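Chain letters run A, B, ... following the sequence lines, proteins first, then strands; residues in each count from 1. These numbers come from a predicted model, not from an experiment. The analysis underlying the following values was restricted to heavy atoms, covering all of them including side chains, and did not include hydrogens, waters or symmetry mates.
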Amino acid sequence: MTSPTKTTNPTARAAELRQRIEEANYRYHVLDDAQIPDADYDKLMRELEAIEAAHPELAVADSPTRRVGATPSREFAEVRHELRMLSLANAFSDEEIEDFVHRIEERLDITDPLFSLEPKFDGLAISLRYENGVFVQGATRGDGETGEDVTVNLRTIKSIPLRLRGDDWPAGLEVRGEVYMPRAEFERYNEHAREHGGKVLANPRNGAAGSLRQLDSSITASRPLAFFAYAPGAVEDSALPKTHSALLQKFRDWGFPVSHLVETARGAQGCLDYYRRIGEARDSLPFDIDGVVYKVDDLDAQRDLGFVGRTPRWAIAHKFPAQEQSTRILAIDINIGRTGAATPIARLEPVQVAGVVVTNATLHNADQIERLDVRVGDTVIVRRAGDVIPEVVRVIEDQRPADTVAWQMLKHCPICHSELVREEGQVVWRCSGELICPAQRKEAVIHFASRRAMDIEGLGSRLIEDLCDLGFVVSVADLYKLGLDDFIEMKRRADERDGTTPETVKAGKVATKWAENLIESIEHSKQTTLERFLFALGIEHVGESTAKALSAWFGRLELIRHLPWPLLKLVPDIGGEVARSIDHFFAQEGNQSAIDELLMRGVSLKDEHDVSPKLRQSLGADRFLASLEIPKLTEKRAAQWVSAFDDPSRVTSVPEHQLVTAGLPADTAAALISWREETHNADLLKRSLRIWNTLRELAGSTSETEQLLPLDGKTVVLTGSLSAMTRDEAGAKLEALGAKVAGSVSKKTDFIVAGEAAGSKLEKAQALGIEVWDEARLLEFLAGNPA
DNA sequence: ATGCCTCGAGTTCA
DNA sequence: CTCGAGGCAT
């Protein structure tokens with residue numbers, strides 16, 4: 001960089017450099033408007049350092065080279081605040097704000113006073129003292145009376161001016177404000193720390209507070225801190241503006257960063273409007289805030305209003321509902337899910353988080369508890385993050401009672417007392433009770449009746465719980481033998497058990513309408529589809545999508561319930577794990593008899609059909625052989641075997657020497673031999689062969705004509721809400737035209753349909769350059785392509 | 001082996 | 001909605 005006034009005098013040159021560096025800092029950190037490239041900035045800085053090294057007498061305290069203090073101190077000196085640092089009264093409701101404004105109106109005898117409105121930054125309050133325009137001391141708030149001298153650390157914050165701009169500042173000036181860590185910087189810092197094994201900060205607020213309290217200011221300098229000014233402290237020897245808002249403008253002129261979200265407005269309504277607007281913008285702000293602050297703008301009026309105790313009458317903080325709260329762990333219970341998964345749940349002392357009272361929070365799994373070291377009795381931080389579901393963020397270790405013990409997973413199911421087991425490499429512990437565990441059975445029934453499964457309206461989890469607990473229902477099939485009397489009797493026993501007065505008895509007559517409705521919807525549910533039925537069975541790893549695929553490929557329950565796992569693997573997206581799980585389910589006698597009973601009691605599958613034409617193409621002998629997972633017998637080797645011996649039924653009989661003659665490597669042949677010697681493998685082969693042959697017959701008899709659908713092979717994602725139909729309906733129509741409807745957008749997506757208020761999926765699609773249809777386009781397409 | 005991309009499963013509260 | 005993990009392409 002060339003200087004227009006290149007001076008040789010080191011004193012003058014140093015002064016010029018300082019001025020230019022400070023100007024660059026101001027533009028970059030306060031105005032957010034970088035004027036000179038980083039490299040040039042560095043050059044100026046190095047030149048100044050060189051001059052100061054050569055002429056130590058020039059290294060003045062307010063030099064930008066001194067932003068990082070040289071000597072770490074043992075501890076911070078105390079600083080007494082000349083003017084006490086305030087704390088504000090907090091308000092959480094509109095009503096409290098209206099009361100606040102009313103009180104002011106009465107005391108000042110005016111209506112709709114003017115307020116200065118500001119965000120309430122979630123950082124650390126500090127006070128900065130300037131003498132003759134030079135930053136001389138900075139302190140934390142402390143208890144309001146006395147804080148800690150963190151001057152050296154504050155110097156490292158680039159948005160804090162070391163020298164004031166302009167010339168109309170008072171000789172002695174104290175400015176108060178908030179040190180915070182911008183979210184993006186916080187994320188970036190943590191990412192870097194994670195990669196390099198550094199200290200990861202818990203959140204921006206703690207990051208800011210912790211950084212300022214570093215004894216070694218070079219650590220503070222490495223932390224991305226920033227500052228906003230929002231209030232005056234003690235001021236000597238000068239006339240200041242008459243209003244708070246004008247004062248903030250002065251702060252700006254003097255080089256302090258003042259938030260652009262600061263506004264003025266009149267009356268309670270103006271305050272509340274601001275609260276809502278900032279609340280909506282909150283998540284998209286580059287820094288954390290925990291509310292807004294209203295201050296009477298007229299400084300004389302502020303003085304007239306004065307204080308009550310420690311808080312001013314002229315200002316109030318209107319807080320957002322807290323997103324994080326601390327509470328105590330009362331107990332850690334184990335919940336047993338439909339698949340037997342044992343999920344630990346924290347029972348909490350009830351606490352308000354983001355507007356709702358939270359009493360439970362999931363702890364996900366045993367590993368998570370171990371990671372967090374959560375113990376019964378601990379005080380923990382609970383959060384309702386972007387979504388709704390509360391979670392335990394961390395333990396406040398200082399508040400741990402002395403007698404706590406590390407939490408341990410139970411050894412046995414709390415319900416059926418079967419052993420809890422964990423499969424190799426898995427995170428979840430499961431109850432081994434399977435069919436005999438009442439908890440698992442209950443969950444299975446709830447799943448069976450749920451909307452996306454058999455859709456039995458009115459049969460919710462509470463009712464099912466009672467039905468199971470009182471012995472009316474053991475297996476899902478029992479639902480279909482319940483009569484009106486059973487429901488009435490069940491209700492009576494439940495009321496008796498709970499000691500509640502039966503509301504079903506009115507004027508001596510037992511109310512039965514609810515039971516009649518239930519019987520009706522149970523009856524209604526009997527007419528269903530194969531895919532719903534398969535989903536309803538609750539087979540592990542079989543969700544809606546897999547159920548749909550099974551239904552589409554094989555077409556009939558009679559077939560599916562007898563398929564060995566190697567054949568199940570023929571379906572795309574069904575691999576060894578899922579196939580074995582399905583096989584295992586149908587291998588259990590109890591499950592087969594439950595299915596028989598359901599069918600006997602009238603469950604009927606309206607949409608059963610012949611095997612899919614696609615299945616036929618997958619029934620080659622080589623695919624079949626490869627699907628058996630015989631060690632070393634890869635797809636390629638399987639094909640080789642088939643070309644030599646043709647009929648897979650000969651797998652059991654071809655002697656080893658012939659295998660080798662046919663060109664199979666010796667180890668492959670040996671693996672095959674030892675595989676078929678295991679009786680369970682031999683059985684599997686026999687069973688698979690039989691069904692494979694059946695499938696080939698079935699596939700051969702299906703019609704050859706496979707009509708190509710307009711959206712065949714296209715992957716579609718639906719997002720936002722449609723007006724002419726629900727997303728599910730639209731999805732069904734698109735599927736009927738051959739499309740695959742996926743849940744999330746990726747490179748493989750062909751196009752998305754975006755309805756009203758589409759969110760992140762639309763953004764992602766646009767980012768990936770994926771075609772976007774609006775509802776009109778969809779309707780047009782559907783009209784042009786009747787199913 | 002490694003890294004997407006999906007699917008499945010579990011979860012809270014009004 | 002988010003996490004874990006299965007399936008599959010590379």
**Fill in**
Testing C/dA5, B/dC7, C/dG6 for proximity to the side chain of A/V427, the answer is C/dA5

**Message:** Going by ring-ring contact (aromatic ring centres under 6.0 Å, His included), name the pairs with one or both residues in residues 561-580 of chain A, residues two or more places apart or in two chains.
**Reply:** none

**Request:** Please check if any side-chain donor atom of A/R338 sits under 3.5 Å from a side-chain acceptor atom of A/Q440, or the reverse.
**Result:** no

**Asked** Which residue lies toward the 5' end of DNA chain B, A/R338 or A/I345, if each is placed at its nearest nucleotide?
**Response** A/R338

Output side-chain donor-acceptor pairs under 3.5 Å for residues 547-557 of chain A, partner residues at least two apart or in another chain, one line each.
residue: A/K548; atom: NZ; partner: A/E735; partner atom: OE1; Å: 2.7
residue: A/K548; atom: NZ; partner: A/E735; partner atom: OE2; Å: 2.9
residue: A/R556; atom: NH2; partner: A/D610; partner atom: OD1; Å: 2.7

**Prompt:** OP1 or OP2 of B/dG10 less than 4.0 angstrom from a side-chain nitrogen or oxygen of A/T339, does that happen here?
**Reply:** yes

**Message:** Can you measure A/I582 atom CD1 to B/dC7 atom P for me and round it to whole angstrom units?
**Reply:** 15 Å

**Item:** By side-chain contact (heavy atoms from CB on, under 4.5 Å) - contacts of A/R452 (at least two apart)
**Value:** A/F535, A/E544, A/D728

**Electrostatic pair A/D94:A/R276 at N-O distance under 4.0 angstrom** = yes

**Asked** How would you list, by chain and number, every residue that makes a side chain to side chain donor-acceptor pair (under 3.5 Å) with A/D583, sequence neighbours excluded?
**Response** A/R687

**Message:** Rounded to whole Å, how long is the line connecting atom NE2 of A/H447 with atom P of B/dG8?
**Reply:** 10 Å

**Prompt:** Mind checking what makes side-chain contact (heavy atoms from CB on, under 4.5 Å) contact with A/T343, not counting sequence neighbours?
**Reply:** A/T362

**Request:** Look at the side chain of A/S545 and decide which nucleotide, out of B/dT11, B/dG8, C/dG6, has an atom nearest to it.
**Result:** B/dG8

**Prompt:** For A/E544 and B/dG8, what is the distance between atoms CD and C1' respectively, to the nearest whole Å?
**Reply:** 10 Å

**Fill in**
Note: contacts of residues 358-376 of chain A with DNA chain B (heavy atom, under 4.0 Å) are A/V358, A/T359, A/N360, A/T362

**Request:** Taking side-chain contact (heavy atoms from CB on, under 4.5 Å) as the test, write out the residues that go with A/S461, two or more places apart.
**Result:** A/I446

**Protein-nucleotide distance (A/R452, atom CZ; B/dG10, atom C1'), rounded to Å** = 16 Å

**Asked** In terms of side-chain heavy atoms, does A/S475 have a donor or acceptor partner in A/R441 at a distance below 3.5 Å?
**Response** no

**Prompt:** Reckon A/K740 touches a base, only the sugar-phosphate, or nothing at all at heavy-atom distances under 4.0 Å?
**Reply:** sugar-phosphate

**Asked** How many Å lie between CH2 on A/W565 and C1' on C/dG7, as a whole number?
**Response** 15 Å

**Asked** Just how far, in rounded Å, is C1' of C/dG7 from NE2 of A/H541?
**Response** 11 Å

**By side chain to side chain donor-acceptor pair (under 3.5 Å) - contacts of A/Q368 (at least two apart)** = A/R371

**Message:** In this structure, how many angstroms lie between the C1' atom of B/dG8 and the CD atom of A/E577, rounded?
**Reply:** 13 Å

**Complete:** Checking B/dG10, B/dT11, C/dG7 against the side chain of A/N335 (C-beta onward), the nearest is B/dT11

**Item:** Nearest-Å distance for atom pair CZ/P, residues A/F448 and B/dA9
**Value:** 16 Å

**Item:** Among B/dG10, B/dC4, C/dG4, the nucleotide that comes nearest once only the side chain of A/A341 is considered
**Value:** B/dG10

Hey, what are the protein-to-nucleotides 8-10 of chain C N/O distances that come in under 3.5 Å?
residue: C/dC8; atom: OP1; partner: A/D573; partner atom: N; Å: 2.6

**Request:** Indicate whether OP1 or OP2 belonging to B/dC4 is found under 4.0 Å from a side-chain N or O atom of A/K747.
**Result:** no

